[in-house]
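Okay, structure first, notes after.
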Amino acid sequence: MGDPHPKLEAHAVTRTFGRGAKAVAALGPVDLRIAPGEFTCIVGPSGCGKSTLLRIAAGLLKPSRGELKIRTTAQRPAAMIFQDYGIYDWKTVQANVRFGLDVHLKVLPTPDALPLLAKGDIDAQWAAPEAAVMNGITSGFTIKWAAGNFSPDPQSKSGLWVKLKKGEHADHVPMAGRKLGTMIGKGSVISYPMGKALKKHGGGLDKIQFQQLGSADVLTALQNGGTDSAWLLDPVWRKVDGDKRYAFLGGQPQGEPLGGLLFGPDLLTEDPDAGVALLRAYIRTVNTYFAGDYKADKAFVSELAKLLKTDEAVLRSTPSLRMDWEIRSGTTDRLQDAYEAAGVTEGDKVPEEKAVDRKLYGEAVGHK
């Protein structure tokens, strides 16, 4: 019998890359026990899974099945030494670390980006499951929502504001027939919380007049009487907050992200491991810099203001967003109900399983 308390123990470890007909069984099943202080060599022909096993042991890969344990109190129990030179002497340390991980960004409107995402010309899109996305899936695009982005802070009042008429109060404002100014179209995900807020006050997306305006004109129109309600975003709503002539009627639901990362066929089916890697890097990066009340960090806010080309005081005037990656069950159904009410849908409702992929996120964060 071997050591009853091995340093490393692997049981039925397997690793498969890819899915479906293109899946490649790279390793296993493997059983292995290494005692404390034991010197072990893993030998075999090229492609037999040696490097894959070592990467699993080092924590760089997760096994598809089985379990590998290293008994230690060290925070990082394993290290990786490459068999060939793994750095470029003409690059800085930072550049070497980033090499191979760089993401090329393109700024495109959603209608322009969707066909490129569906064809594989771009791999992922930072966007939201808008009506255009759902209509694209209906028409045959292979696109899925892979991760959420954020939920509003409970103190946020980004959302539907109304200018009160004589005798009205915030508890009940008859919204049917009102003119609503917004820089966001009916096909935006904001249609869902907007419709929810309107229904509380006798309105609805089909019972108001939309007036789409430029970002600088939405507040001006509300204040000057051009519209009698408006959807105000951060930090614009601070201009009317506390003014008794205006009332806040509701915003994005708490704990329900309405945007995030959309994946096309390349990351969903052709190379899902790359999709997992992108999600893991994306989540770790955002969690590092935007954890908790990140706006309490003055130095960080100062740098963020420079990047966004905005005033620090304006940035600090609204609460920090709450980063939230998990897509809630039923969100795509609720969004599509709003799109139908707004008259911007094409065809039947897209089932959630056709619009959402939770498997890649689950693997990225270690859910089983």
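The figures here come from the full heavy-atom set of this structure, side chains too, leaving out hydrogens, waters and symmetry mates.
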Whether [X] side chain and [Y] backbone form a donor-acceptor pair below 3.5 Å:
X    : Y    : value
K50  : P45  : yes
D31  : A12  : yes
S320 : K295 : yes
Q212 : I184 : no
R328 : P257 : no
R33  : A10  : no
N224 : G226 : no
T52  : A26  : no
H201 : V173 : yes

Could you tell me whether the side chain of [Y] reaches within less than 4.5 Å of the side chain of [X], counting heavy atoms only?
X    : Y    : result
E38  : L8   : no
Q254 : S151 : no
R55  : L53  : no
Q211 : L213 : yes
L108 : Q125 : no
L27  : I56  : yes
Q252 : L258 : yes
R358 : I327 : yes

| request: Test side chain to side chain contact (heavy atoms under 4.5 Å, CB included) on V240 and L232 and set out the steps. | output: CA-CA 10 Å; V240 293; L232 301 180; 3.8 Å; yes
Give, for atom [atom1] of [X] and atom [atom2] of [Y], the distance between the pair rounded to the nearest 0.5 Å.
X    : Y    : atom1 : atom2 : value
Y282 : N149 : OH    : CG    : 5.5 Å
S229 : L198 : OG    : CG    : 7.0 Å
L205 : F210 : CG    : CZ    : 5.0 Å
L222 : K239 : CG    : NZ    : 14.0 Å
I143 : L114 : CD1   : CG    : 5.0 Å
T182 : D217 : OG1   : CG    : 12.0 Å

Nearest atoms (heavy-atom pairs only) where [X] meets [Y]:
X    : Y    : answer
M134 : P129 : CE-CB, 3.8 Å
V344 : G187 : CG2-CA, 4.0 Å
D266 : G120 : OD2-O, 3.2 Å
S156 : D234 : OG-OD1, 4.1 Å
D241 : K157 : OD1-NZ, 3.0 Å
G275 : L267 : N-CD2, 3.8 Å

Quick test of your reading of the model: are [X] and [Y] salt-bridged, counting only N-O distances below 4.0 Å?
X    : Y    : answer
D273 : R15  : yes
E9   : R71  : yes
D121 : K119 : yes
E352 : K144 : no
D228 : K179 : no
E312 : K298 : no

Check: [X] ring centre within less than 6.0 Å of [Y] ring centre:
X    : Y    : answer
F150 : F290 : no
W145 : F263 : no
F248 : W161 : yes

| query | Under a 4.5 Å side-chain heavy-atom rule over Ile, Leu, Val, Met, Phe, Trp and Tyr, are Y361 and L117 clustered together? | reply | no
| Is the number of heavy atoms from other residues, nucleotides or ligands under 6.0 Å of D348 CG greater than 12? | no
| query | In this structure, are over 12 heavy atoms from other groups packed under 6.0 Å from K199 atom NZ? | reply | no
| request: Would you please say whether a donor-acceptor pair under 3.5 Å links the side chains of Y246 and Q223? | output: no
| query | Out of R245, K163, R178, which residue meets the salt bridge (Lys or Arg N to Asp or Glu O under 4.0 Å) rule with E168? | reply | R178
| said: Classify the ring geometry of Y294 against F300: parallel below 30°, tilted from 30° to 60°, perpendicular beyond 60°. | reply: perpendicular
